[in-house]
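Notes to accompany the following structure.
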Amino acid sequence: MKPSSALPALPDAPAPLRAALEEAHDEPARAAALLALARHYREHTLDTAQQLAQAALELALPLDDPALVVDTLSVLASIEEGQGLHESAFDHLALALDLARTHGLDDLRSRVHNVRAIVRLTAGDLTGARRDFLEAQTLARASGDPLDLANIHVNLAFLEQHAGRAAEALHQLNLLEELLSTAPTDVRQLMAPYLHENRAATYLGLARRAHLRGRADAGAEARGRAWAALAATWAALEETPSRMMSLVLEAHTARLHVLEGDLDRALTHAQAAMRHHREARQRSYLDALLAMAEVQAAREQLGAAHESYREALGIAREQGRHRDIQHLLRAIAELHERGGDLGSALAVTREALAEADTTLERLAAIEQRHDDLFRELRLARAQARDWKESVRHAEEQARHDVLTGLLNRRGLHDRLLALPEGSGPLLVVLMDIDDFKGINDRHSHAAGDEALRAVAARLREAAPPNSLLVRWGGEEFLLLQPNADPSGAYAIVEGLRRAVAEHDWPTLPPGLRLTLSAGYAFAPTPAEADVRAATEQADEFQYRAKRAGRNRVCPAPSSSIPA
């Protein structure tokens, strides 16, 4: 069986991984080769990594190998974490956990819990992350796998470090060092750089804290320990070279030089970190941008520091990295305050508070979705002929909104990746049911759900051929039309509005009238950043349509919008 979608070009794939794929003569070997490539590209190009992991899953599903499917789902989720697709990652992890439990794959359950903890940590849920890490640790101890145990110690140290608990982080690293002293050579060589780098990061954090508190002696001692840990990391990298680890180490070095007042050396190492950042074309590690911003701020180049922070913030927002977003907004606010712009500092602080509220709401929605999916999985397993059919069914369901049957955000992301080159421009339409809260309040939430289903069905009937129709969230719908003609855009959107406004609704309470307010814009290509920018523009136009009286389209035909 071949994957249903074409594989991406792999011009820079490592020769051994490319050879393994070319020499694979059966489906198990090909699935394993694709998964190895996905792991490699996870550190470089996330969309390529996702396509490879999805192809590996399509090959693995027909095989009678639940362990391979669990492993593939876990890798796919870790890639989606880097893309900010937290809901999709949780869906795949729920599938993996359910399958691992069903088939008694406790060793793989440990890895799945470890990945889920990282997803929670990135999303800003430190409590949930710690709970998953501890569950993973219990399972890894039972299986006795030294690599799983080592990974968990590293990740717990990372969690404690970012929670401001340096002593607990160092304790986890001491446990890791003890574990590695008796571990197989390959595990020891693989994990040694992570041991030393995390120590360097923890001592760097202590040095920065001491500097802020004016504790010169404590700062000097912490810096000394950080320098020693950095030297040990560089030595360990001679056995297992890693561009990403080199990037992080250069960033740590730059920050230490800032603390010691050697700004010329700090700039040299920040530039080295940025070279790794640009040459690897990676977006998973923000360390280079953060180190450069701190060096620029120390050199009183506040405008340049703002640019570096804003670039990092753009990446964090693209990927839904809520913990990083909060850190960056605080740093930007402090930079405004330092420059005497108290109004901008206050505005950014308010932005951070609003972002925190949104994060809490999103985390609650993810938890609810996670619980719902486990119930759906039990039902699918009961109805399916075998476990493979239940996984396929769950995979398909995870791309669609349960209430309306339209694509959801994950489904849209996958469909955009599958669009051929030259599919632009894309017409991007954002539509919102007018006074939806009033429907719920006056008629009941059941009537509101029925209204959503009815509007979704009507939009599906009226949508142009080959368009993508998505339930964007709440009472909002998104439509994307590839290869759109800008001159006909208003007519398309107005047709959608009229299809709803002029329709009789036999399944809804008598007298209930439904209308839409819509805004539209254009994305030059199907690239995620282009579609996101167009969606934001369409959202602004939709807001204007609401303010102008609802049940209308913005911009009007005489207006001009960016193509």
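Below, each value reflects all heavy atoms present in this structure, side chains not excepted, and no hydrogens, waters or symmetry copies. Note that the structure is predicted; figures quoted are calculated from it, not measured.
- Contacts of Ala462 classified as side-chain contact (heavy atoms from CB on, under 4.5 Å), with partners at least two apart in sequence or in another chain: Leu496, Ala499.
- In this structure, OG in Ser88 is found 10.5 Å from CG in Leu93, a value given to the nearest 0.5 Å.
- Classification of Asp125 and Arg131 as a salt-bridged pair fails, no side-chain N sitting under 4.0 Å from a carboxylate O.
- Of the charged side-chain nitrogens involved, none lies within less than 4.0 Å of a carboxylate oxygen, so that Arg116 and Glu135 do not count as a salt-bridged pair.
- Every side-chain contact (heavy atoms from CB on, under 4.5 Å) that Asp287 has, sequence neighbours left out, goes to Leu247, Val248, Ala251, Arg255, Tyr285.
- Take His413 and apply the ring-ring contact (aromatic ring centres under 6.0 Å, His included) test, not counting sequence neighbours, and it matches no residue.
- For Arg188, there are no salt bridge (Lys or Arg N to Asp or Glu O under 4.0 Å) partners at least two apart in sequence or on another chain.
- Other residues, nucleotides and ligands place no more than 12 heavy atoms under 6.0 Å from the CZ atom of Arg415.
- Checking Asp106 against Ser143 by side-chain atom types alone, no donor-acceptor pair falls below 3.5 Å.
- The side-chain contact (heavy atoms from CB on, under 4.5 Å) test applied to Ala32 returns no partner, not counting sequence neighbours.
- For Glu250, the side-chain hydrogen bond (donor to acceptor under 3.5 Å, both in side chains) criterion is met by His269, not counting sequence neighbours.
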Is there a side chain to side chain contact (heavy atoms under 4.5 Å, CB included) between Trp472 and Met431 once you walk through the steps? CA-CA 9 Å; Trp472 195 239; Met431 299 165 280; over 6 Å; no
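- A search for side-chain hydrogen bond (donor to acceptor under 3.5 Å, both in side chains) contacts involving Asn151 returns nothing, not counting sequence neighbours.
- Counting non-hydrogen atoms of other residues, nucleotides and ligands closer than 6.0 Å to CG of Asn466 gives a total of 12 or fewer.
- Taken from CD in Glu311 to CG in Leu286, the straight-line distance is 9.5 Å, to the nearest 0.5 Å.
- Taking each heavy atom of Gly474 and Leu452 in turn, the nearest pair found is O-CD2, 3.7 Å.
- Of the charged side-chain nitrogens involved, none lies within less than 4.0 Å of a carboxylate oxygen, so that Glu80 and Arg409 do not count as a salt-bridged pair.
- Under the rule for a side-chain hydrogen bond (donor to acceptor under 3.5 Å, both in side chains), the partners of Ser487 that lie at least two apart in sequence or sit in another chain are Asp485.
- Between Tyr520 and Phe522, the ring-plane angle classifies as perpendicular under the 30° and 60° cut-offs.
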Verdict with reasoning, Asp12 to Tyr41, per side-chain hydrogen bond (donor to acceptor under 3.5 Å, both in side chains): CA-CA 10 Å; Asp12 55 349; Tyr41 279 99; 2.8 Å; yes
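- Residues meeting the side-chain contact (heavy atoms from CB on, under 4.5 Å) test with Ser246, sequence neighbours left out: Trp234, Leu237, His276.
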Take Asn114 and Phe133 through the test side chain to side chain contact (heavy atoms under 4.5 Å, CB included) and record every step on the way to the result. CA-CA 6 Å; Asn114 195 44; Phe133 278 139; 3.1 Å; yes
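- The ring-ring contact (aromatic ring centres under 6.0 Å, His included) test applied to His252 returns no partner, not counting sequence neighbours.
- Applying the salt bridge (charged side-chain N to carboxylate O under 4.0 Å, His left out) test to pairs two or more places apart or on separate chains, those with a residue in residues 458-475 are Asp401-Arg471, Arg458-Glu461.
- The salt bridge (Lys or Arg N to Asp or Glu O under 4.0 Å) search around Asp539 returns none, not counting sequence neighbours.
- Separating the CE atom in Met244 from the NE2 atom in His277 is a distance of 9.0 Å, to the nearest 0.5 Å.
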